[in-house]
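I have placed the structure first, in the form of structure tokens, so that the comments after it can refer back to it.
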Amino acid sequence: ECAATRDSTGRLPLHRALEAADLFRSTTAQVDKRLPMTGCEIDSIDTPKKQSADELDKLSLPVKCHNNMIETNRLQIVEALLQWHPKAATIPFPSGRSPLCQAIAFGSSCHTNGGTGIVQLLLQYAPASPLEPDPITGLYPFMLAATASTVNDEDACCVINTLYLLLRHNPQSVTIALH
């Protein structure tokens, strides 16, 4: 029941879990040595409060920030929320953006520690979502995944794997995108 309850901004718990990566921002200048990360530093906990809900939704370019521990925890939360409310994978954000596009925009990938990742999980619950363009950027999910900024080779490999998974899942999305 709680997994299907929207907050005051119209977001489901799944939506909040997919946005959790917003607490991290990519940087090549400094690495926080307290966290097991490569090329990332943690923003203050107040970051989401500094931005309105609409500003968070308008974030369009993904930044892949590699932190296996955080991504694994996020995956477990998303997986539990989808088990409790499977239709949440098809319910768009207040901005109209699909959970798949939002996950990609917030740096999720298809694999986590060699296992299933958030993108792959969302595809299981919403198989038609790669055929829907992102209403914010106008890009299809595979195109949005291709725009991800990477900090190192491991992140670049994740981006390529995610792009490949999206195209393999729905190869017709290339044809649809060309029209």
Side-chain angles (χ1 to χ4, degrees), residues 1-7 9-22 53-65 70-150 155-179:
E1 193 174 304
C2 290
T5 304
R6 294 178 184 262
D7 66 11
T9 64
R11 288 176 169 70
L12 295 168
L14 174 69
H15 295 159
R16 291 294 183 188
L18 294 175
E19 292 175 332
D22 190 50
D54 289 336
E55 289 172 327
L56 287 172
D57 269 350
K58 289 178 184 170
L59 178 65
S60 60
L61 294 178
V63 175
K64 179 65 183 143
C65 196
I70 291 173
E71 193 65 14
T72 300
N73 290 342
R74 197 168 128 209
L75 174 66
Q76 290 171 349
I77 292 167
V78 167
E79 191 170 23
L81 290 168
L82 285 171
Q83 287 173 358
W84 294 329
H85 184 41
K87 291 185 180 187
T90 61
I91 298 173
F93 281 74
S95 67
R97 182 177 258 181
S98 72
L100 177 66
C101 286
Q102 191 76 347
I104 293 168
F106 277 80
S108 293
S109 63
C110 65
H111 299 294
T112 302
N113 293 333
T116 300
I118 290 174
V119 170
Q120 197 169 8
L121 191 61
L122 288 169
L123 287 174
Q124 291 171 6
Y125 284 89
S129 56
L131 300 174
E132 301 169 14
D134 177 23
I136 294 173
T137 63
L139 300 174
Y140 285 84
F142 78 92
M143 295 171 162
L144 189 61
T147 65
S149 300
T150 59
D155 292 345
C157 195
C158 282
V159 169
I160 291 168
N161 286 337
T162 301
L163 178 60
Y164 177 72
L165 173 77
L166 290 166
L167 289 173
R168 189 176 53 139
H169 184 76
N170 283 50
Q172 66 271 29
S173 48
V174 174
T175 306
I176 292 168
L178 292 175
H179 289 102

Enter the distance from T147:OG1 to L163:CG here, rounded to the nearest 0.5 Å.
-> 10.0 Å
Run through L18, D134, L122 and flag the one making a side chain to side chain contact (heavy atoms under 4.5 Å, CB included) with C101.
-> D134
Nearest 0.5 Å please: distance from the CD1 atom of I118 over to the OG1 atom of T72.
-> 9.5 Å
Does one side chain, of T9 or R11, offer a donor that lies under 3.5 Å from an acceptor on the other?
-> yes
Heavy-atom pair of closest approach, residues S108 and V119 | O-CG2, 3.7 Å
Member of E79, Q83, H85 meeting the side chain to side chain contact (heavy atoms under 4.5 Å, CB included) criterion with Y125 = Q83
Specify the closest pair of heavy atoms between P133 and G138, including all atoms of both residues, with the distance to one decimal.
-> CB-O, 4.1 Å
Answer yes or no: is there a donor N or O on one side and an acceptor on the other, between the side chain of H169 and the main chain of L166, under 3.5 Å?
-> no
Drop me the distance from L82's CG to K87's NZ, to the nearest 0.5 angstrom.
-> 13.5 Å
If you look at every heavy atom in P141 and P130, which pair is closest and at what distance?
-> CD-O, 3.4 Å
Looking only at heavy atoms, which two atoms of V159 and A145 are closest? And how far apart?
-> CG1-O, 3.3 Å
Value for CG (L81) from NE2 (H15), rounded to nearest 0.5 Å, stands at 10.5 Å
Check whether any side-chain heavy atom of I91 sits under 4.5 Å from a side-chain heavy atom of R6, and report yes or no.
-> yes
Residue pair V174 / F142, side-chain heavy-atom distance below 4.5 Å = yes
Compare every heavy atom of P99 with every heavy atom of A88, then report the nearest pair and how far apart it is.
-> O-CG, 3.5 Å
Distance from R97 atom CZ to I104 atom CD1, nearest 0.5 Å?
-> 9.5 Å
CD1 of I77 to CG of L14, rounded to nearest 0.5 Å, is 11.0 Å
Provide the closest heavy-atom pair for E19 versus F93 in the form atom of the first, atom of the second, distance.
-> OE2-CE2, 3.5 Å
